[in-house]
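The block underneath contains the structure these notes are about, expressed in structure tokens.
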Amino acid sequence: MKQEQCSVIQTEHLTRNFGAIAAMNDLDLEVNKGEVFGFLGPNGAGKTTTVRMLSGLIAPTSGKATIVGLEIGRDNRAIRERVGVLTETPGLYKRLSVVDNLLFFAKLYAVRDPERQTEQYLRLFELWNRRDDLAGTLSKGMRQKLAIARALIHEPQVLFLDEPTAGLDPEAALMVRKLIETLRTKERTIFLCTHNLDEADRLCDRVALFKGRLLAVGDPRELKERLYGRRTVIHLAEAHAGLEDAIKLPFIKKVERMDNTLVISLSNPEKENPLLVNRLVELGAEIQFVKELRVSLEDLYLDLMEENDATD
Amino acid sequence: MQRIKVIVFKEWRESLRNKMILLGAIFLPLVMVGASLVMVYQGRAIEVPGAQVALFNTALMYFLIMPAIIPVAIAAYSIIGEKEQASMEPLLATPISDSELFLGKALASVIPAIGLTWASFGLFLGVCILLVGEIPPHVLNPPWIAVIFGISPLLSLFSVGVTLLVSSRATDARAAYQFSTFGILPALIPLIVYTSKKTLVNLWLVGVEGVLLIVASVIVLYFAIKVFSREQILTRWK
């Protein structure tokens, strides 16, 4: 029961085929309330199809899913009232003003005081001064901000963001990323589709890596640890032949040596590193630097994709 | 109902900023009213009964081209514009139902077409009185009134159905406009037949045209509504 209260998105064997092509196959997923969940996959992997299914826009071929306790297919309209969607392209009405774009959606969502809500969001997103300009005259970054404001205008419980920084220059992308950071609340769940792994690493509490099917789910740090373990890198002043064999500490999982650098796999580096350093000093090693080897989400992603392609 | 109204007003706001639609909506009725007035003005003095009838029937035909042509540009842009701006998906992500969206788009085209046709007819009658001193009896009679107030809305409805169907497959507003205009031509055939007749348009002819249009509209709108589902729009539309 407690689990059900926390989980806002649940999918079971969710599958969508287009003819003979499976855009999403057998997706089992659980996204909790208030988390920023990254959905990572290459282009054409089924991200948009998944968002469309989860936001009640298209039906799955098989399987089922619930969003805030509502079943897709059966409660689509109620789902659409409770979710906000930022599509891959902003999709603004270029001949309408900034304020008219937002007001139109506020009215469609039957927001209680659409004018006030529109003003509030335009001020929040620093677009109030441009309210009477045509949406077509805004910069790409501004358009994206307006599109995000549109997705939020009805205060949705779940926000789907499909490639929010795709096609933006670094400055605009940073602006949008900062904006997403500010959208984190305990009440709002953000489902972020991206192939920008750095973005996912920075923003997401948990990520799912997939390509047509789910490959891995978890906290980015946990995932990296699960797949690669935790490793400590030690730079020595000079190479010591046979040092790796001489260490002999019970907690060490693996030692690799490249010239004067040791890469040591540990399970609890916080506790084990001091012991390790003492042991190396005892063995006469002159330590220059000790640091943790950080694997990027990109490494993890590429390895998983490669593994998946090899399996297929 | 509220959401239909919101869609209709959004479409109008966009149409008012589209020169192609705006100019078409202003000039086409003026040209048609002008042409009708010429027909009636010439017809009033002609002694040969057959020729007079043909001229009056032709004047009436202009008031049937208007409700068929005006909504084409509005409806074509309302769909192609959404495609070009990639704005359809955010719209479909709102709680609006498929039927509300369809009705909103259709009414946004049908209402101005009917309104402009009736306003043009009013202008025509007014100028007719100024020019001729009276409205010729063959012009303001039951068949004419039935055509203006009964057939015109049906023609608009049929025209919008055809345009929405064509636009769902087209990617360019001009192509959609041209193909839709071609698509509504069959509905105008009975009118072209009127003008070649030597007898005045009568209620029987209007009735036949009305029944044919109702059947054609039901068929076209059935397919248009089927095409207008979220699933179809997102997965099948070009």
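Chain A is the first sequence line, chain B the second, and so forth, proteins listed ahead of strands; every chain is numbered from 1. Values in this document were obtained by computation on a predicted structure and should not be read as measured data.
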Exercise. Are Arg3(B) and Tyr109(A) close enough that a side-chain donor and a side-chain acceptor fall under 3.5 Å?
Worked result: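 On atom types as modelled, these side chains do not qualify, holding no pair under 3.5 Å.
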Exercise. Are Glu84(B) and Lys94(A) ion-paired here, with the side-chain N under 4.0 Å from a carboxylate O?
Worked result: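 Here Glu84(B) does not pair with Lys94(A) in a salt bridge, since their nearest N and O are not under 4.0 Å apart.
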Problem set entry | Carboxylate-amine/guanidinium proximity below 4.0 Å for Arg52(A) and Glu231(B) |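 Between Glu231(B) and Arg52(A) there is no salt bridge, as every charged N stays at least 4.0 Å from the carboxylate O atoms.
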Can you tell me how far apart [atom1] ([X]) and [atom2] ([Y]) are? Round to the nearest 0.5 Å.
{"X": "Thr48(A)", "Y": "Glu89(B)", "atom1": "OG1", "atom2": "CD", "result": "7.0 Å"}
{"X": "Leu108(A)", "Y": "Ile7(B)", "atom1": "CG", "atom2": "CD1", "result": "5.0 Å"}
{"X": "Thr94(B)", "Y": "Ile153(A)", "atom1": "OG1", "atom2": "CD1", "result": "13.0 Å"}
{"X": "Ser87(B)", "Y": "Phe104(A)", "atom1": "OG", "atom2": "CZ", "result": "8.5 Å"}
{"X": "Leu96(A)", "Y": "Gln85(B)", "atom1": "CG", "atom2": "CD", "result": "8.0 Å"}

Write down the atom of [X], the atom of [Y], and the distance for their closest heavy-atom approach.
{"X": "Arg16(A)", "Y": "Thr235(B)", "answer": "NH2-CG2, 4.1 Å"}
{"X": "Pro90(A)", "Y": "Pro90(B)", "answer": "O-CG, 4.2 Å"}
{"X": "Gly56(A)", "Y": "Arg230(B)", "answer": "O-CD, 4.3 Å"}
{"X": "Arg77(A)", "Y": "Pro95(B)", "answer": "NE-O, 3.0 Å"}

For this session: Mind running side chain to side chain contact (heavy atoms under 4.5 Å, CB included) on Gln2(B) and Lys107(A) for me, showing each step along the way?
Result: CA-CA 8 Å; Gln2(B) 182 59 28; Lys107(A) 286 176 181 171; 5.5 Å; no
Problem set entry | Engaged part of Phe18(A) at the chain B interface, taking heavy atoms whose separation is under 4.5 Å |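 Phe18(A) touches chain B through side-chain heavy atoms alone.
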For this session: Below 4.5 Å from any heavy atom of chain B, which atoms of Asp100(A) appear? Answer side chain, backbone, both or neither.
Result: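 Side chain of Asp100(A) only, per the 4.5 Å heavy-atom cut-off to chain B.
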Problem set entry | Contact residues of residues 78-89 of chain A (partner chain B; heavy-atom separation under 4.5 angstrom) |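 Expected list: Arg80(A), Glu81(A), Val85(A), Thr87(A), Thr89(A).
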Problem set entry | Sole residue of Glu82(B), Glu14(B), Arg13(B), Arg17(B) in side-chain hydrogen bond (donor to acceptor under 3.5 Å, both in side chains) with Tyr93(A) |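 Running side-chain hydrogen bond (donor to acceptor under 3.5 Å, both in side chains) over Glu82(B), Glu14(B), Arg13(B), Arg17(B) with Tyr93(A) returns exactly one hit, Glu82(B).
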Problem set entry | Most contacts with chain A, counted as non-hydrogen pairs under 4.5 angstrom, among Ser229(B), Ala86(B), Gly81(B), Ala93(B) |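 Highest number of pairs under 4.5 Å: Ala93(B).
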Exercise. Has Tyr222(B) got more than 12 heavy atoms of other residues, nucleotides or ligands less than 6.0 Å from its OH?
Worked result: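 No.
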Exercise. More than 12 heavy atoms of other residues, nucleotides or ligands under 6.0 Å from CG of Leu130(B): is that the case?
Worked result: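 Correct, the count exceeds 12.
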